[in-house]
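Any value given below was found using the heavy atoms of this structure, including those in side chains, with hydrogens, waters and symmetry copies removed. Here the structure is a predicted model, which means the values were calculated and not measured.
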Amino acid sequence: MKIKSAVVNELNAPYVLEDLTISEMREDEILVKIVASGMCHSDDFVRSKQTMYTFPIVLGHEGSGIVEKVGSAVHGFEAGDHVVLSFEYCGHCDSCLTGVPASCDDWGTLNERGRRADETYYFHREDGSPVSNYFSQSSFSTYTLARERNLTKVTKDVDLRLVGPLGCGFMTGSGTVLNGLKPAPGSSIAVFGTGAVGLAAMMAAKIAGCTKIIGIDIHDNRLETAKELGATHVINSKTADVHEEINKLTNGKGVNYTVDTTGVPPVIRTAIEVLAKGGVTAPVGGTSKPVELNTFMDLAAQNKAIQGVLMGKSIPQLSIPQLIEFFEAGSFAFDKLVHFYKFEDINQAAADSLSGKVVKPVLIMDEEYAPGQ
């Protein structure tokens, strides 16, 4: 079957729209027609930093679409279902069985391998050469193959243009707060970075009952958006001293929780330093650089803690419908952060995301099936 995909051919290369062939669907697979896909900083991280993935590759891991066909071994889905795609997990290891599928024993094999376990590829060029898959999804395509645990069914009145980013960025930010930190009502939190993950974390903090929610960034326009979406206070770290401002806001005590979405080592250190005694920080920004700290003085002596949170410690099939309910109730207004692009404008969308012009670019692959026009 011929499909259109955005291929990255080598490190730091632009996206190139190409006609690829998608392999025959197997009995445990599901063919999905992609309606839209969010763009995440993780896509650019792979494109520009290489990591463990093999080029050429089709990126994209915030897809939404419509089930076209299901394999004979698939249960719970049928052609015509509307779905959001997220990461894959095995469902039977200790982590999956205890509700933390992002810690799945087979995470690397399922999401980072770029091909099936038997070494066959999902995508090929016309000359037969293989193209790697990403996150067991590759949603920068008009069609893709997925499995049951990649998919979350949504009702057909949900706008498919909007909900793809719930599969990663918005789920990561909200889940970091709701499933990871679990702040007590009335507590305080500071979020470093007001992109998609950070703003989702702030909206979740408001839902959780935090009464002091501090947004920190270097872009005034994003800080204004943070105030609209739940931040009680904002700090421009380019023009103000974050330590001083948080001390003023907390009577010198510090905040109970912090979230870092930047991945910048000095910012991560600040996120630890501004914690109150007994405070907890969650550093969720992707980074390849180390952070220096004294585990006794910086942590143990003040009962502070660092909590790792991957993919918001979420179970997508539970978290995505919950976020849609929050959205419909008016408490998770992620639609204010989305900007739509045609599929062929993918490189412009990526540039606008990296520059900070747009919080969450969403590529529209198929206008025909996207409700809410």
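- Taking the charged nitrogens against the carboxylate oxygens, Asp28 and Arg147 do have a contact shorter than 4.0 Å, which makes a salt bridge.
- Taken to the nearest 0.5 Å, the CD1 atom of Ile364 stands 11.5 Å off from the CD1 atom of Ile34.
- Taking 4.0 Å as the cut-off between side-chain N and carboxylate O, Lys2 and Asp19 do not count as a salt-bridged pair.
- In Lys153, the NZ atom is crowded: over 12 heavy atoms of neighbouring residues, nucleotides or ligands sit closer than 6.0 Å.
- In this structure, the side chains of Ile66 and Leu160 come closer than 4.5 Å at one or more pairs of heavy atoms.
- Salt bridge Glu119/Arg115: present, at least one basic N to carboxylate O contact under 4.0 Å.
- Counting non-hydrogen atoms of other residues, nucleotides and ligands closer than 6.0 Å to CG of Asp94 gives a total of 12 or fewer.
- The aromatic rings of Phe87 and Tyr89 sit tilted, their planes meeting at an angle between 30° and 60°.
- Summarising the geometry, atom CE belonging to Met39 is positioned 9.5 Å from atom OH belonging to Tyr341; distances are rounded to the nearest 0.5 Å.
- Screening Phe332, Phe334, Phe170 for a ring pair (Phe, Tyr, Trp, His ring centres under 6.0 Å) with Phe327, the sole residue that qualifies is Phe334.
- With salt bridges taken as basic N to acidic carboxylate O contacts below 4.0 Å, none links Arg125 and Asp127.
- Of the inter-residue distances, the one linking Phe135 atom CZ with Cys40 atom SG reads 8.0 Å to the nearest 0.5 angstrom.
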